[in-house]
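Beneath this line is the structure, given in C-alpha cells, with notes to follow.
Only heavy atoms go into these numbers, but all of them, side chains included; no hydrogens, no water, no symmetry mates. Owing to the predicted nature of the structure, the values given are computational and were not obtained by experimental measurement. Per chain, numbering begins at 1; letters A, B, ... match sequence-line order.
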2 protein chains.
Amino acid sequence: MKLTTRGRYAVTAMLDLAIHGEMQPVSLADISKRQEISLSYLEQLFAKLRREALVDSVRGPGGGYRLAHDSEAIFVAQIIDAVDESVDVTNCQGKGNCHHGEVCLTHHLWQDLSDRIHGFLSGISLADLVDNRGRVAARGSDTVQKLILQ
Amino acid sequence: MKLTTRGRYAVTAMLDLAIHGEMQPVSLADISKRQEISLSYLEQLFAKLRREALVDSVRGPGGGYRLAHDSEAIFVAQIIDAVDESVDVTNCQGKGNCHHGEVCLTHHLWQDLSDRIHGFLSGISLADLVDNRGRVAARGSDTVQKLILQ
DNA sequence: AAAAAACCAACTAAATTAGTAGGTTTTTAT
DNA sequence: ATAAAAACCTACTAATTTAGTTGGTTTTTT
C-alpha cells in the first residue's frame, strides 16, 4: 500500500479547491501558498487529477482549477486513485497469484484490508470534509464499533 | 502508511510458525524454503519479533523459533508494529501539528483511517488466520456495510 | 569435533518519492 | 501589441526506503 505525502497533498489541494473555488477558479500558486505544497509538485498532481476528470482548468490570468463535479460527488478514494496511489495492500495487486500462481497464506487478509480501506475512503466526499473539516469517521463508527466488539 | 513486503513477510512467517510449530521449534531455513523469503531477511525480521516478545528462540541444531504466546493471543497488528511498519497514515504521526503546529485540513481524515486500519488488524489473531486461511473480514462486514450504506 | 542453527553488523542495489529546473502555450488586461 | 499570469510539459536530481547480501560469531546438539 502506498499512502504517502502525494495522496495527502492531492486530497488537501482538492479540499482547498472545494473551499475556495465556489466563485472563481483557484490558481495553483494560491493553493501552494495556503497549503505549503511546492508549486511544481502541485502541477504534476493536477495533471493527473485533470486526466481523471476530477478538475477542470482555466488558462490565462485569473485562471486556475475548478472541481469538475459537485463536492458531494467527489470521493477521497477517487483522488487517491487518480494520483497513482493504490490503496491495495496485497503483494499481487489483487490478482491472487502470490504463491506459485495460487493465493498465498495471507492473501485474503490483505485483500479484505484493502477492500475496507477503499470502502472507507469511497464513502467520504469532499463535501463531508468541508462540512466537518475531516472529522468524518466518528459519525457512524460508534455503532460500528459496538457491533464489532459485541 | 507503510504496509509493504516487510510486514507481509512477518505475518506470513508468523503464520507459518503457528501452523508448523505445534510440536517442535521451526527453523528459519524451513520458513525460508516454504514461504520463499530470503533467510537473512527473515533473520532481521525475527530479531525484531523476538525483541517484542512475540517469539521465543531455541539455539543449536533442532532449534528454531516458537510463538511466545498462544496463536489466539497474537494479533496481526502486533506483528506489523513489531517490524516497524506503522499503519499510521497521518503526516504528523498522529501528533496533530501538521500545519503550523495546528492540525491540517485533512488530519482527522487520516487519523480516522489509521484508527480503522489498526482496529481491523488488532482484531485478527494468528488463530483466525490458521482457521480460515485468511478469509477473515467477511464475517462481520455484511452487517457493517449495511449500516454504513443505509 | 562437526554441524545446525540462532545471532549480529555492515554494506549494497534497486525503487520510489518529493522536489527542482527550465521551459511552452494560452489568455487576459493594459 | 505587449506584458503578465497562469496552465501545461518534460526531464532531471537528491534523499529516503526497501529488500536483500555478505561474512561473520556464538550456542547447542549429535
Do nucleotides 20-30 of chain C as a string where each nucleotide becomes B, S or -: B if the base has a protein heavy atom under 4.0 Å, S if just the sugar-phosphate does, - if no protein is that close.
BB---BBBB--
Not counting sequence neighbours, which residues clear ring-ring contact (aromatic ring centres under 6.0 Å, His included) with A:Y41? List them please.
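For A:Y41 the ring-ring contact (aromatic ring centres under 6.0 Å, His included) partners, ignoring immediate neighbours, are A:Y9.
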Assess whether side chain to side chain contact (heavy atoms under 4.5 Å, CB included) is satisfied between A:L121 and A:F75, documenting all intermediate values.
CA-CA 7 Å; A:L121 296 176; A:F75 296 89; over 6 Å; no
Distance-only criterion, 3.5 Å: show the donor-acceptor pairs between side-chain atoms of residues 13-26 of chain B and protein atoms not counting sequence neighbours.
unit_1 : atom_1 : unit_2 : atom_2 : d
B:D16  : OD1    : B:H20  : ND1    : 3.4
B:D16  : OD1    : B:R34  : NE     : 3.3
B:D16  : OD1    : B:R34  : NH2    : 2.8
B:D16  : OD2    : B:R34  : NE     : 2.9
B:D16  : OD2    : B:Q35  : NE2    : 2.6
B:H20  : ND1    : B:D16  : O      : 3.2
B:H20  : ND1    : B:R34  : NE     : 3.4

Residues that [X] engages under side-chain hydrogen bond (donor to acceptor under 3.5 Å, both in side chains), provided they are two or more places apart:
X      : result
B:E36  : A:H100
A:Q78  : none
B:S122 : B:H118
A:S32  : none

Protein-nucleotide distance ([X], atom [atom1]; [N], atom [atom2]), rounded to Å:
X     : N      : atom1 : atom2 : result
B:K48 : C:dA6  : NZ    : P     : 18 Å
B:F46 : C:dA9  : CZ    : C1'   : 20 Å
A:E36 : C:dG19 : CD    : P     : 12 Å
A:R8  : C:dT17 : CZ    : C1'   : 12 Å
A:Y9  : C:dT16 : OH    : P     : 20 Å
B:L28 : D:dG20 : CG    : P     : 15 Å
A:I31 : D:dA6  : CD1   : C1'   : 13 Å
A:R50 : D:dC8  : CZ    : C1'   : 8 Å

Would you say the side-chain atoms of A:T106 pair up with the backbone N or O of A:L109, donor to acceptor, closer than 3.5 Å?
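No, the answer is negative, given that no donor and acceptor are paired below the 3.5 Å cut-off.
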Kindly say if [X] contacts the phosphate of [N], meaning a side-chain N or O under 4.0 Å from OP1 or OP2.
X     : N      : answer
B:Y65 : C:dA5  : no
A:S57 : D:dA7  : no
A:T4  : C:dA18 : yes

Would you tabulate the side-chain donor-acceptor contacts of residues 59-73 of chain B under 3.5 Å, counting partners in other chains and residues two or more places apart, or write 'none'?
unit_1 : atom_1 : unit_2 : atom_2 : d
B:H69  : NE2    : B:A53  : O      : 3.2

Near DNA chain C, counting only heavy atoms under 4.0 Å, which residues of residues 92-102 of chain A show up?
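Nothing qualifies; none.
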For A:I37 and for B:G64, find the nucleotide of DNA chain C with the closest heavy atom, then tell me which residue's nucleotide is more 5'.
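It is B:G64 whose nearest nucleotide is closer to the 5' end.
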